[in-house]
Amino acid sequence: MEAMKIGEGIYWVGAIDWNLRNFHGYETEKGSTYNAYLIIDEKITLIDTVKEGFENEMLSRIRSVIDPAKIDIIISNHAEPDHSGAIPFMKNIAKNAQIYAAFGAGVKDLTAYYGDLGYIGVKAGETLSIGKRTFTFVPTPMVHWPDNMVSFMAPENILFSNDAFGQHYASDERLDTECDLPEAYIQARKYYANIVQPYGMQTGKALNALAGLEISAICPSHGIIWTKHIPEIMALYKSWVANEFDDTAIVVYDTMWHSTEAMAHAIESAFLACGMKPRLYNLHYCHNSDIIADAMTAKYIAVGSPTLNNNMMPSVASFLTYFKGLTGNKKKFIAFGSYGWGGQSPDQVYEMLATSKCEALLPAIKIAYKPSKEQLDKISADVANAIREN
Ligand code: FEO
């Protein structure tokens with residue numbers, strides 16, 4: 001396989017994973033890429049590697065440019081195994097290569113995974129000259145692990161951003177000027193919502209740290225490389241970091257005999273009556289990670305579950321667990337559900353949402369067996385009134 005030339009002496013030498021469909025619970029319907037970059041200078045430098053299992057794809061791309069044994073430096077911007085998995089493999093080939101990682105967490109995490117390979121820790125603002133080029137390292141902790149850093153390379157002014165600005169998006173093209181750009185934005189949003197969202201504050205600090213840099217290209221560790229559309233992806237990140245709301249409302253539910261579903265539609269009507277754009281998701285059909293991507297900018301979230309064996313349905317519990325771990329902003333919530341006897345689920349949903357940075361719009365809404373038209377109309381009216389009052 002061939003390397004892809006990005007600039008003079010600068011190559012993409014990563015791997016394309018067309019088959020990735022799950023990234024620890026995140027449905028990756030478009031696959032992904034593991035981006036590694038090779039810089040040919042006085043000291044030959046490899047930036048990040050690939051996931052274990054893809055090392056030979058990376059190796060063949062490196063071989064299309066140079067003898068891999070000649071690599072002098074490996075920069076590890078992040079120790080998560082989708083980027084560091086092939087470091088021991090490469091160190092075995094490039095035996096004299098020095099491995100640079102973030103001082104503290106980067107060195108600690110790589111040591112935990114692969115043992116002591118003689119890592120060199122670099123601190124904020126530290127530089128590394130490789131000949132005509134110089135790297136400056138900027139820590140970006142929690143974007144997405146404590147060890148993350150980005151590497152800025154002068155004089156080309158390329159930012160190797162690792163997980164930041166990435167997308168789980170396998171494609172034949174490597175550049176934003178060549179790919180299906182709307183798809184890249186969809187996948188960038190889904191990636192932010194499912195990976196970066198809980199660390200919005202830290203991401204904001206990272207954006208501030210990068211604000212003074214003239215960046216000619218952003219080379220993330222997943223997906224396409226940003227060149228022409230840097231202002232657009234930066235603006236999107238700024239809006240996501242700011243936890244801005246739009247005019248959407250999310251209604252998520254599961255249902256047994258369509259009673260909770262009827263309640264979901266009554267709540268949908270209330271949002272419509274208030275000029276909002278509601279989106280309904282039946283958890284029987286929709287994946288948590290897709291809902292999270294839409295829910296990120298919604299001001300309101302309504303979650304409904306029938307009572308099943310004294311509990312909310314497992315699909316709803318799964319969604320709420322995922323939502324609680326990821327949500328980045330303070331939404332208004334509605335908990336609802338039908339029941340036959342017992343009727344615990346709406347209160348359980350309420351409790352989960354109340355401990356997920358969200359604020360209740362109403363007490364939990366419960367209906368026994370099947371809601372009548374009058375009951376559904378009352379739900380719509382009560383929800384609409386509560387929205388207008390908030
Ligand atoms: Fe793509 Fe946090 O690793």
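For ligands, and for the atoms within them, numbers begin at 1 and follow the listed sequence. For the numbers below, each heavy atom of this structure counts, side chains included, while hydrogens, waters and symmetry mates do not. Numbering starts at 1 and runs along the sequence shown.
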Side-chain donor-acceptor pairs under 3.5 Å in residues 286-295, sequence neighbours left out?
residue : atom : partner : partner atom : Å
His287  : ND1  : Ser289  : N            : 3.1
His287  : ND1  : Ser289  : OG           : 2.8
Asn288  : ND2  : Ser318  : OG           : 3.0
Ser289  : OG   : Glu27   : N            : 3.0
Asp290  : OD1  : Lys190  : NZ           : 2.8
Asp294  : OD1  : Arg279  : NH1          : 3.4
Asp294  : OD2  : Tyr281  : OH           : 2.2

Show me, pair by pair, the donor-acceptor contacts under 3.5 angstrom made by side chains of residues 5-15, not counting sequence neighbours?
residue : atom : partner : partner atom : Å
Lys5    : NZ   : Glu8    : OE1          : 3.2
Lys5    : NZ   : Glu8    : OE2          : 3.4
Trp12   : NE1  : Asn35   : OD1          : 2.9

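Evaluation of the salt bridge (Lys or Arg N to Asp or Glu O under 4.0 Å) test over residues 101-130, restricted to residues two or more places apart or in two chains, returns none.
The line from OH of Tyr34 to CD1 of Ile16 is 11.5 Å long, rounded to the nearest 0.5 Å.
Between Trp240 and the options Tyr199, Tyr192, Tyr185, a ring pair (Phe, Tyr, Trp, His ring centres under 6.0 Å) holds for only Tyr192.
Distances under 2.8 Å from atom 2 (Fe) of ligand 1 pick out the protein N/O/S atoms His78 NE2, Glu80 OE1, His144 ND1, Asp163 OD2.
Of all N, O or S atoms in His222, the one lying closest to atom 1 (Fe) of ligand 1 is NE2.
Aromatic ring centres of Tyr300 and Phe245 lie farther apart than the 6.0 Å criterion allows.
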